[in-house]
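What you see is a predicted model, and the numbers here were worked out from it, not measured in a lab. Residue indices begin at 1 and follow the sequence shown.
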Amino acid sequence: MSVATPDHRFLRALRREPVDMTPVWIMRQAGRYLPEYRATRARAGSFMGLAQTPELACEVTLQPLARFALDAAILFSDILTIPDAMGLGLHFVEGEGPKFKAPLRSVADIDRLGVPDPESELRYVMDAVRLIRRELNERVPLIGFSGSPWTLACYMIEGGGSSSFARAKALALEDAATMHRLLDTLAQAVASYLAAQVAAGAQALMVFDTWGGLLAPAAFREFSLRWLGEIVARLKAEAATRDVPLILFSKGANAHLEALAATGCNALGVDWTIDIGEARARVGERVALQGNLDPAVLAASPDAIRAQARAVLDAFGPHPGHVFNLGHGITPDIPPEHVAVLVDAVHEFSRRG
């Protein structure tokens, strides 16, 4: 898109520049905790119907912005769109989450995979990005996203969610070469998908490495970190995406913050199991940090929410480069009024001057 991007505080914070107050957005901010989301989802008939209809995806992306003074919008989609476009048949089972009709069960299944064309097989995502960007009219920046290669591989091999992803780990241990072929294909697909989202109008990017933290240290470096670095390198090598801020969020991987920061990304998302002041001290001035309030805090009283918001801000300190967020996604049981308390508290307590 040729539209110039205003200097939003969210983008400034990702560049570690001074801001008037700490920007805040919330992972899964367009979701089941909002009654208006549930109404739109019912109208769509299914989660996939919602995600694959650009007008409805736009509608739910904008819903939280009508309620809260959030500093960014994030595309409403799913991390598993790439494997679905590869032919695995994504669907959602009530109470069980995502499932694939054709999970990867052999080396031949893996070798058959190709990199989807984002403007054909994933056109509905690009159309949603274009529509959302237009409807936002520069009120706040739009974040595009993808799952990480390791996280996508976990679901594709397992066929759905799991507490351990033992099948994926077993393949990595028994046949590392095949696993790396899969991860290489996925890294190419993720980089292409994210670049296409930028071309369609996304102003920042985020990669969700949801299951990287399940790996032992050496396995994390080989099967997760290596391929996150590959995606960063691909995006930073292209003029069209070089200057677009890129956030890596590897849940449960606090032991690897320094290595993640060394990939060349612009920011790291951190979960709530580390003090954000400690995280900042460890990564220094290399990257901005996003996080990291425990999502369960939003179930507490407004006074407790305000106190915990202040504690995170105080822990980060008066340094540039903080985007306030939860340490993981908001849960469906949270009262929307509690989100308003949090957003307003972050802005109030962080206001400069």
* side chain to side chain donor-acceptor pair (under 3.5 Å) partners for Q188, two or more places apart -> D184
What side-chain donor-acceptor pairs closer than 3.5 Å can you find for residues 211-219, not counting sequence neighbours?
| residue | atom | partner | partner atom | Å |
| --- | --- | --- | --- | --- |
| W211 | NE1 | Y155 | OH | 3.1 |

* Asked: Are any non-hydrogen side-chain atoms of L113 and L186 less than 4.5 angstrom apart?
  -> no
* Asked: Side-chain contact, heavy-atom cut-off 4.5 Å: V339 with P336?
  -> no
* **Flag, side chain of T53 to backbone of E55, donor-acceptor distance under 3.5 Å** => no
* To do: Taking all non-hydrogen atoms of both residues into account, name the closest pair between L260 and A253 and its distance.
  => CD1-O, 4.2 Å
* To do: Return the set of residues passing ring-ring contact (aromatic ring centres under 6.0 Å, His included) with Y33 (not counting sequence neighbours), or none when no residue passes.
  => none
* Asked: Counting N and O atoms only, with roles assigned by atom type, does the side chain of R242 sit under 3.5 Å from a partner on the main chain of K236, one being a donor and the other an acceptor?
  -> yes
* Check: I231 main-chain N/O paired with R234 side-chain donor or acceptor under 3.5 Å -> no
* Asked: Parallel under 30°, tilted from 30 to 60°, perpendicular over 60°: which one fits the rings of F208 and F145?
  -> perpendicular
* Asked: Do R352 side-chain atoms and D20 backbone N/O form a donor-acceptor pair below 3.5 Å?
  -> no
* **Non-hydrogen side-chain atoms of N325 and N292 separated by less than 4.5 Å** => no
* Where at least one partner belongs to residues 289-317, residue pairs that pass ring pair (Phe, Tyr, Trp, His ring centres under 6.0 Å), sequence neighbours excluded -> F316-H322
* Say whether, by atom type as modelled, one donor and one acceptor occur between the side chain of Q203 and the main chain of P141 under 3.5 angstrom. => no
* Asked: How about L205 and V198: do any of their side-chain heavy atoms sit closer than 4.5 Å?
  -> yes
* Is L90 close to M48 at the side-chain level, that is, under 4.5 Å between some pair of heavy atoms? -> yes
* To do: Hey, could you give me each pair passing salt bridge (charged side-chain N to carboxylate O under 4.0 Å, His left out) that has a residue in residues 61-84? Not counting sequence neighbours.
  => R9-D71, E36-R67
* To do: Would you please say whether a donor-acceptor pair under 3.5 Å links the side chains of E285 and H319?
  => no
* Asked: Considering only heavy atoms from C-beta outward, does the side chain of V107 approach that of I110 to under 4.5 Å?
  -> no
* **Polar side-chain atom of S106 near backbone of D109 as donor-acceptor pair, under 3.5 Å** => yes
* Asked: For V140 and L70, which heavy atoms make the closest approach, and how far apart are they?
  -> CG1-O, 3.4 Å
* Out of V287, V283, L289, which residue meets the side chain to side chain contact (heavy atoms under 4.5 Å, CB included) rule with L257? -> V283
* What salt bridge (charged side-chain N to carboxylate O under 4.0 Å, His left out) pairs are there with at least one residue in residues 150-169, not counting sequence neighbours? -> none
* Asked: Any sub-3.5 Å donor-acceptor pair from T151's side-chain atoms to T210's backbone N or O?
  -> yes
* Structure fact -> Here the pair of heavy atoms bringing H347 nearest to T22 is CD2-O, 3.5 Å
* To do: Only pairs at least two apart or in different chains count here, so list each salt bridge (charged side-chain N to carboxylate O under 4.0 Å, His left out) that has a residue in residues 328-349.
  => R306-E348
* Asked: Among I247, T263, N254, L248, whose side chain to side chain contact (heavy atoms under 4.5 Å, CB included) with L268 holds?
  -> L248
* ring pair (Phe, Tyr, Trp, His ring centres under 6.0 Å) partners of residues 230-262, not counting sequence neighbours, each pair once -> F220-H256
* Who are the ring-ring contact (aromatic ring centres under 6.0 Å, His included) partners of F349, not counting sequence neighbours? -> none
* Would you list the pairs meeting ring pair (Phe, Tyr, Trp, His ring centres under 6.0 Å) in which at least one residue belongs to residues 66-95, sequence neighbours left out? => Y37-F76, F47-F76, F47-F92
* Pairs where residues 257-303 contributes a residue and the test ring pair (Phe, Tyr, Trp, His ring centres under 6.0 Å) is met, not counting sequence neighbours -> none
* Asked: Quick one: are Q197 and L75 in side-chain contact, heavy atoms under 4.5 Å?
  -> yes
* Asked: Is R139 atom CZ crowded by more than 12 heavy atoms from other residues, nucleotides or ligands, each under 6.0 Å away?
  -> yes
* Nearest heavy-atom pair of L246 and M206: which atoms, and what distance? -> CD1-N, 4.5 Å
* Tell me, which pairs form a salt bridge (charged side-chain N to carboxylate O under 4.0 Å, His left out) where one or both residues lie in residues 37-46, sequence neighbours left out? -> R43-E59
* Structure fact -> Looking only at heavy atoms, the pair that brings V341 and P302 closest together is CG1-O, 3.7 Å
* Heavy-atom side-chain proximity of V125 to P118 below 4.5 angstrom -> no
* Donor-acceptor side-chain pairing of T40 and Q63 below 3.5 angstrom -> yes
* Asked: Looking only at side chains, do R181 and T178 share a donor and an acceptor under 3.5 Å apart?
  -> yes
* Please check if the side chain of E121 supplies one atom and the backbone of D117 the other of a donor-acceptor pair under 3.5 Å. => yes
* Asked: If you look at every heavy atom in A204 and F10, which pair is closest and at what distance?
  -> CB-CE2, 3.8 Å
* Look only at the side chain of R133 and the backbone of G201, and say whether a donor-acceptor pair between them is shorter than 3.5 Å. => yes
